[in-house]
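Below is one structure, written out as C-alpha cells; the observations come after it.
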Amino acid sequence: MSERFDPQQADIRWQRAWDERQCFRADDASDKPRSYVLEMFPYPSGRIHIGHVRNYTMGDVLARYKRMRGHKVLHPMGWDAFGMPAENAAMEKGVHPGGWTRENIANMKAQLQRLGFALDWSRELATCDPEYYGHEQALFLKLYEAGLVYRKESSVNWDPVDETVLANEQVIDGRGWRSGALVEKRKLSQWFLKITEFADELLEGLSGLENWPDKVRLMQENWIGKSQGLQFRFDLSNGEAVEVYTTRPDTIFGASFVAVAAEHPIAQGVAERSPEAQAFIETCRAGGTTAAELETAAKLGFDTGITARHPFTGADLPVYIANFVLMDYGTGAIMAVPGHDQRDFEFATKYALPIPRVVAANADEACKPFAGEAESGDGVIVNSDFLDGKSVDEAKAEVISRAEGGGWGQGRTVWRLRDWGVSRQRYWGTPIPFIHCADCGVVPVPEDRLPVVLPEDVDFQTPGNPLVRHPVWKHTDCPKCGGAAERETDTLDTFVDSSWYFLRFASQPADRPFDPDTIAKWLPVEQYIGGIEHAILHLLYARFWTRALARVGLIDVKEPFASLFTQGMVTHETYERRNPQNGQTIYFSPGEVDRSGEAASLKDDGQPVEIGRVVKMSKSKKNVVDPDEIVATYGADAIRWFMLSDSPPERDLPWSEAGIEGCGRFVQRLWRLFARYDASASGEDKALDRKRDQTVAAVAEDIEALSFNKAVARIYELASAIEKAEPSASRSAAIRAMLLLVAPMMPHLAEEGWAAMGGEGLVAEAAWPEVDPALLVDDEVTIAIQVKGKLRDTLTVAKGMSKDELEALALASDKVQRALDGAEVRKVIVVPDRLVNLVA
RNA sequence: GCGGACGUGGCGGAAUGGUAGACGCAGGGGACUUAAAAUCCCUUGAGCCUUGCUCGUGCGGGUUCGAGUCCCGCCGUCCGCACCA
C-alpha cells in the first residue's frame, strides 16, 4: 500500500468501476426488500451549491447503506428545469433559456458525478424535456376531466413598463425590480387546481405521516387552517346586507364595528360614489400583496358612513374599509371585536372606536380595563346579555344555534387553504394544453396532439410574454369545430413539475406518464430529504397531486413520502468592511481573505477585515465556497465527510477551512489505519471486539435515524481504539469492519482500501458487517454516587449488581463519607447500573 | 402580523429525568526533524482557600431525591407566508 491515499486518481478510478458495473441501477423486478431514497431534485442554476452536496451526501449514505443491507435501491436524480432564472439569463445575456438550462445541467451533472454519488443515471429526467412535460400535460387534462381544474379571475402584479407579470419576489417596495415602475394589480383569467377539495383529506393524512418532522406537519396543519365559525348577515343602513365570517361568535356582543376588504363589493360600491373611498382603495392596492406585508402594514381604514345593525343589540356599528381584511379568506368582511383580537384592537385604538370587554378571567373582572392589547385567551363571557357566565365554547355553540334558528346565519367550516393558481404568464414552463375557440370556448388539446411543445425561436429583447408575441405558435385550429383558434399562452407553475417527478423516476414508459404496477413496486418514497423551505408548498402540492392522481385511478398511492427529513443550511462566516463614504458594507469572499487564528485580513492589502455573522451562503454576501475547488484539493470523500460531521443534519452546518482540512487529514488517517491490516495476524483482543461490534451496531442505528454526526463521532472513537491496539486477529477484524462502516460515507477510500486488503469485488456491492449480539452488552458499568443529588464518586462494578450491594458500596466510599460529614442518610435512591443517590 | 423552530466551553456539538461538555475544530505544551511539512503524545468550561471545593446548559420562577431534558413566564436569533425554487 502506498503512503498516501491519492483522491484525485482513486475517485475517478472507482467512479468508472461503478459505472462499468452499473452498480446503482435500480432493478424493478428484484424481489429484495425495496428502498426508494430521494433527495429533492435541484434547479439547474449552473453550479452545484454546497447545500446540494450536503443534501445528496445524506441521501447517498442512506442509499449505499441500504444496498449493503441487501435492499434493492432506487436512488435517482433529475432537474427541476423550468423557471424564471432561465428567462432572466435570456434577457441579460441574450442566450436561449433551453440552451442555457441544458448547459447548466451538463455542468452540474459532471459535478455530481465527481462527488461519487450512487445514483441511477439511467432514470435521469429534466422537467423541460417535451417528453416529461408532455406527460404532465396529459395528467393535467385527466385532472381537468375529473373536474379538478377550472378558470377564474385572479389578480397579478403587473409591471406597466416591462409589460409583464411579476412574481412576489420581483416586487420590491411596491415597484418592479427591473423597471422600478409602481406595480399595479391586474385581473386576469387564470387556471386553478382544486386543492381545497382535498383540504380535509390532506389534513387527515398528516396524522398518518409519523415519520415526518412534527414541525412540518404542524406547519401544514396551520396552512390548511381548518376553522369552525359562524357566517352571518348584517343588515346595512343603505338597504344592502353584508355577510361576515367569524371564528369567535362567542364575542359577538363585543363587536364595535364592521370591516370589509378593499376589493369587497361593498367597498367598490362606496367608491363609485366617493372619490375619497376610491383614493383609499387605491392606497391599499399600492401596498404590497403578500400576506406578510398586508399584516405588518399600519392599520388603515376608511369610514364608509354606512352602519350595520347588530343582530342582538340592534346597535348601529360603523362599516369601515380596512387594509388588514383579506378578500381571500372567509367572506372578505368581518365583525371586529377589538377587545379580543389584536388587529381589531390596533384599528379601534387608532380610530377611537369602543373596545368593550366580553371575555374575562372570571365574572368579577367584567369591567377590568385592557392592558394595551387584546385578550384572545379563554375565559368566561361577560357583558353579553344571555351569554353571560358561559364558557367560550358554550357561547360559540349558543350563538351559532340562535343565528341558525333566526335564519340570519349558520355555522360554517372555513379553510385558510386556497385553490392553487397554476397559471404563469411566462415562456419557460409547461404549456397549459388548452385552445381558445371563439365558437367552442375553452377546449382541451386532444391526447393524440400532445405534447404541446414550446417554440424554440423566441425573443426576449422585447417586453412581455414571448408566447403571446410569437408570430405563429399560438395560432391553431379548434379540435372541436376545426375553425381558427388560439392556444393558451400561460404555462404551468413549476411546482406542478415537482409534484409528480418522483412517480416518473419510479416508472418511465414512453407512451404514458408511468405504469401503476411499477409505481406500486417503489412508492411510497422510503426516505425523502430536502430543505425546510419546502415544508409547506412543495410538499403539500406533491401530496395533493398524488391524491388527485389516485382519485382519478391512475395510481394506488395516497401519500408519496413515507418519511421526510428536512436538512439545515450550510453557513459561512462573512468578511466585511464598511465603506466610509456611504456606510455600505463591502463583502469579501473566503478566497480573498487570510484567515488564521482569531483575526482575518485581506490578502490584497494585509489590512484587517471584520469577521461578520455566520449566515446562509449567498452570492450577495460572497460567503460561498465552490464544491469543485474543495474536491480538487481534498477529494470527494473529504467533502462528503465534512457534510456528515459535527452538526446534526437538521441544523445549520457552518463551513470552515479548518474543518475541511481536518476531514482531509482523517481520510489519510484512515488510509494509514487500513495499511495496518494483516490477514495473518493472530491473537484475540476482547475489548476491541466489543468496541467493534458496538460501533457497527450503533453506526447502523445512527444512519437509519440519519444522525450522521453521531455515527461520525463513533467512527472516530473506533479509529482511536484501533490505533491504540496491538496487532492481533481482532485488530485486523476491526480494521475490516471499519472499512465497511465508512464505505457509505467515503466510498472511494473504502474501495481503494478494499482492493489493497484483497477484498472480493467492490465494496459498493459488499454486505454490512454482522455483529455478535453477545458482544453488544458490557459486563461492567460505571455507577455515579451522589450525595443530595451531587456527584461525589463513581464506582465501576459488575453489571446487574443488586440495589443493596450498590448502596453498601456507596456508603463505604471515603468521598461519600466526607461529603456526608456525619449527617444521617434519610433516603436512598438506587437506579441499578446507573447511580446511587444518598439523601441526607 | 400570523405560523414554525432554535438557544450547552473560544467554535460545531454529545447527553432513555440519572456522572454536563462524548467526538471534532481551534488553542497551549512536548516528541520526531538540521529545519519545516506530515505524524504522534499530553493538555484545554470558569473561579478558588487546588488530596479538593464552588459555580456553570439564554434570563426568571416552579415540579423532583435529582432538570440541559418536564411545566409557567420572559429575552434573543433564524425560517415560511401562497408568482423564487
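By convention in this document, chain letters (A, B, ...) are assigned in the order of the sequence lines, proteins followed by strands, and residues within each chain are numbered from 1. Predicted model only: the values in this text are computed from it and were never measured.
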> Below 4.0 angstrom from OP1 or OP2 of B:G24, is there any side-chain N or O of A:S645?
Replying inline: no
>> Checking side-chain polar atoms at under 3.5 Å, does A:R543 have a donor or acceptor matched by the opposite partner on A:Q220?
In response: yes
>> Counting distance alone, no hydrogens or angles: does the base of B:C83 have a donor or acceptor under 3.5 Å from a partner atom on the side chain of A:Q425?
In response: yes
> If you look at every strand shown and take non-hydrogen atoms under 4.0 Å, does A:H538 touch a base, only sugar-phosphate, or nothing?
Replying inline: nothing
> Checking only heavy atoms, does the side chain of A:R714 share a donor-acceptor pair with the base of B:C23 at less than 3.5 Å?
Replying inline: no
>> Base, sugar-phosphate or nothing for A:A658? Non-hydrogen atoms, less than 4.0 Å.
In response: sugar-phosphate
>> Side chain of A:N709, heavy atoms from C-beta onward: which of B:A14, B:U19, B:G4 has the nearest atom to it?
In response: B:A14
> When you check the phosphate oxygens OP1 and OP2 of B:G4, does a side-chain N or O of A:N222 lie under 4.0 Å from one of them?
Replying inline: yes
>> Between A:R178 and A:N88, do the side chains contain a donor N or O and an acceptor N or O under 3.5 Å apart?
In response: yes
>> Is the terminal nitrogen or CZ of A:R4 (NZ for Lys, CZ for Arg) located under 6.0 angstrom from the six-membered ring centre of A:W671 and within 45° of that ring's axis?
In response: no
> Side chain of A:R651: nearest nucleotide among B:G7, B:C79, B:C55?
Replying inline: B:G7
>> From C-beta outward on A:L791, which listed nucleotide comes closest to its side chain: B:A5, B:A82, B:A20?
In response: B:A20
>> On the nucleotide B:C83, are OP1 or OP2 found under 4.0 Å from the side-chain N or O atoms that A:R186 carries?
In response: no
> Which residue lies toward the 5' end of RNA chain B, A:E169 or A:M569, if each is placed at its nearest nucleotide?
Replying inline: A:M569
> Does A:W191 have A:R151 sitting over its ring (NZ/CZ under 6.0 Å from centre, angle to axis within 45°)?
Replying inline: yes
> Is the base of B:G12 touched by the side chain of A:D646 through a donor-acceptor pair closer than 3.5 angstrom?
Replying inline: yes
> Considering only heavy atoms and no angle criterion, is a donor-acceptor pair shorter than 3.5 Å present between the side chain of A:Q190 and the base of B:C83?
Replying inline: yes
> Taking OP1 and OP2 of B:C40, is either one under 4.0 Å from a side-chain nitrogen or oxygen of A:R672?
Replying inline: yes
>> Heavy atoms from C-beta onward define the side chain here; which of B:U16, B:G24, B:G4 lies closest to that of A:K215?
In response: B:G4
>> Using a heavy-atom cut-off of 4.0 Å across all strands, would you classify A:T794 as base, sugar-phosphate, or nothing?
In response: base
>> Tell me whether the rings of A:H538 and A:Y501 are parallel (<30°), tilted (30 to 60°) or perpendicular (>60°).
In response: tilted
>> Protein within reach of the bases, or only the backbone? For nucleotides 62-69 of chain B, mark each nucleotide 5' to 3' as B, S or -, using heavy atoms under 4.0 Å.
In response: ---B----
>> Base, sugar-phosphate or nothing for A:R826? Non-hydrogen atoms, less than 4.0 Å.
In response: nothing
> Would you say the side chains of A:Y528 and A:T566 form a donor-acceptor pair under 3.5 Å?
Replying inline: no
> Any luck finding a side-chain donor-acceptor pair between A:D793 and A:S813 under 3.5 Å?
Replying inline: yes
> So, do A:W655 and A:F642 have ring centers that fall under 6.0 Å from each other?
Replying inline: yes
> With respect to the side chain of A:T782, which nucleotide from B:G3, B:U19, B:G52 is positioned closest?
Replying inline: B:U19
> If only side-chain N and O atoms of A:R792 are considered, is one of them under 4.0 Å from the OP1 or OP2 phosphate oxygen of B:C53?
Replying inline: yes
